[in-house]
Amino acid sequence: MGQNTPAQKIGDVNSLTVTDNRTGKQYTVPISRNSIPATAFKAIKAPKGPKDRDEDETEKGLRISDKGFLNTAVIESRITYIDGDAGVLRYRGYPIEQLAEQSNFLESAYLLIYGSLPSKTQYSTFENEVLLHGVMHADAAGFFRAFRYDAHPMAMLTSAYAYLGSYYREANPSLEGQALYTKGAKGDEAALRNMDKQIYRIIGKATTLAAMAYRVRQGREFVTPPTGLSYAASFLYQLDHLSPSDANYRPHPVLERALDILFILHADHEMNASSTTVLQTGSSLVDPYSAVAAGCASLYGPLHGGANEAVIRMLISIGSPDNVPAFLAAVKKREKVLSGFGHRVYKTSDPRSFIIRKVADEVFAVTGKDELLDTAMALHDAAIKDEYFVSRKLAPNVDFWSGLIYRAMGFPLDFFPVLFVVPRVVGWLAHWRQMMLSPDGVKIWRPRQIYVGAEKRDYVPVDAREPVDGPMMSPSVVPHSGVTKRRNISEIKSKL
Ligand code: CMC
């Protein structure tokens, strides 16, 4: 440890002194908000060492290597704060527990996007705009009917957002000028209005598109979003309304409130994979519909929003509480994954999981208990006591319980990620808007890589090549599903 001079007491100087042992040179790297700028390390250059390759670009300055973004802050944000060690989640400073208890989804959406809780008038304008923008163009029926009868609803929803963008030329910076939204950072009112209109549309149509993806699979006609219902109730209505004579159908208030709370809990979660995807995609200044479509694709993976579906598949495969010990043994041997446990940021319980458990009890009281609940409880109780999970700080996350609620509410398994997308579009839009309105402008997200591939080599003519073969080194031989047994045994075959 170096000695502190009087002018340099600990805490006085907000910087790092870095010594490059290759050159003996010292560099000062500023610290701001307990973070260091990665670009400061680019100034740390050295002559190429004996073990360096040209591709290491040693003379061009140090790169920061962070596979999987384990400790890289990609933005400054005012939206959501997570303290993963204390199990804290706040939207714009408000604890998630208070919002789940006292707010509703659209009010929380307003908060996330615009930064403060709305007045009564602000809320009712926002609510009206969002609900009014729920109606889809009649052509969309043809779009949804073009999918195969068994298409996964996430495939439909992801495509539907890209498709939706095709309706709004005025929303597209590629067509209307690349400063279409960023002009808003300088207070351009037309730009802000245009941006808000897309926000109303994307949130308003989230339930409509999701309900269309649901109904096309049921072979049902599509439903125009009703008026006079809350966002969650409108969604349930669009899913379950049966015929014109059923216009008075009203969703059960307990299910409406449960869905609303689930929507609040899923609305944002700072730099998760899908929000990062939306920002990375949006950083090229593409239209928000394309960015949201990219977010959907990212969310669908089983490590992220697909986990709620994976949890139920896991519980079905376990079958009964008696099989839990064998399942956990397989997880510890790394043959299986305990879906719904673990989180990149939370190193204690996910605060949303406590709220969800309460909601689950309220839902089960009206729907009846899910038959997988006993297995889920046995798995939960065994895992939280097990040394493997305790030592790795793996606790239940939001997805461990949400799937059980969705199942009890009668949603099909493959619809679960859709139920995550509907509220998460709010978080994506809040981040996208914050980025577009950044006073420093938008920088395209273009990371670097550490190149470890072949050095320069010369082209080899085909007859002079040594074939490179083997798993992962050459293309696989694949069965052709279109080729039937009848065709295979045919004596006369075309050359194709
Ligand atoms: N089951 C078994 N082992 C696990 C699990 C799990 N669910 N999660 C992490 N581990 C182990 C992992 O094998 C590693 O062990 P070791 O140090 O011995 O190699 C250690 O715990 C650290 O895990 P990691 O993979 O380095 O952690 P990560 O931050 O890269 O991954 C995660 C986070 C959420 C992808 C991971 O915990 C996981 O795959 N969980 C299951 C999927 C899931 O529930 N996802 C939903 C997340 S919450 C909602 C959302 O984001 O959408």
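Counting starts at 1 for both ligands and their atoms, following the listed order.
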| query | With a 3.5 Å cut-off and no angle check, do the side chains of Tyr114 and Asp196 form a donor-acceptor pair? | reply | yes
| message | Is a donor from one side chain sitting under 3.5 angstrom from an acceptor on the other, for Ser275 and Asn272? | response | yes
| said: Can you confirm whether the side chains of Glu270 and Ser77 place a donor and an acceptor under 3.5 Å from each other? | reply: no
| query | So, for atom 12 (C) of ligand 1, does the protein have a heavy atom nearer than 4.0 Å? | reply | no
| Is there any N or O on Val398 that sits under 3.5 Å from an N or O of ligand 1? | no
| Any protein heavy atom under 4.0 Å from atom 31 (O) of ligand 1? | no
| said: So, regarding His304 and ligand 1 (criterion: nitrogen or oxygen to nitrogen or oxygen, under 3.5 Å), is there a contact or not? | reply: yes
| field | Between Ser108 and Ser103: side-chain donor-acceptor atoms closer than 3.5 Å | value | yes
| Protein heavy atoms: any of them under 4.0 Å from atom 45 (N) of ligand 1? | yes
| said: Between Phe400 and Phe341 (judged by ring centroids, cut-off 6.0 Å), do the two rings come close enough to count as a pair? | reply: yes
| query | Quick one: does Asp399 get a heavy atom under 4.0 Å from ligand 1? | reply | yes
| Less than 3.5 Å between some nitrogen or oxygen of Val331 and one of ligand 1, yes or no? | no
| query | Is the shortest N/O to N/O distance between Asn397 and ligand 1 below 3.5 Å? | reply | yes
| field | Test of proximity, Phe420 against ligand 1: N or O pairs below 3.5 Å | value | no
| task | Please determine if Phe389 has a nitrogen or oxygen closer than 3.5 Å to a nitrogen or oxygen of ligand 1. | result | no
| request: For ligand 1, indicate whether the residue Arg392 contacts it via side chain, backbone, both or neither (heavy-atom separation under 4.0 Å). | output: side chain
| How about atom 40 (N) of ligand 1: does it have a protein heavy atom within less than 4.0 Å? | yes
| request: Using a 4.0 Å heavy-atom cut-off, say whether Arg334 meets ligand 1 through its side chain, its backbone, both or neither. | output: side chain
| said: What protein heavy atom lies closest to atom 23 (O) of ligand 1? Include the residue and the distance to one decimal. | reply: Leu394 CD2, 5.0 Å
| For Tyr388 and ligand 1, does the shortest N/O to N/O distance drop below 3.5 Å? | yes
| request: Answer yes if the ring centres of His304 and His269 are under 6.0 angstrom apart, and no otherwise. | output: no
| note | Any heavy atom of Leu299 under 4.0 Å from ligand 1? The part involved is neither
| Would a 4.5 Å heavy-atom cut-off, applied to side chains only, mark Leu180 and Met436 as touching? | no
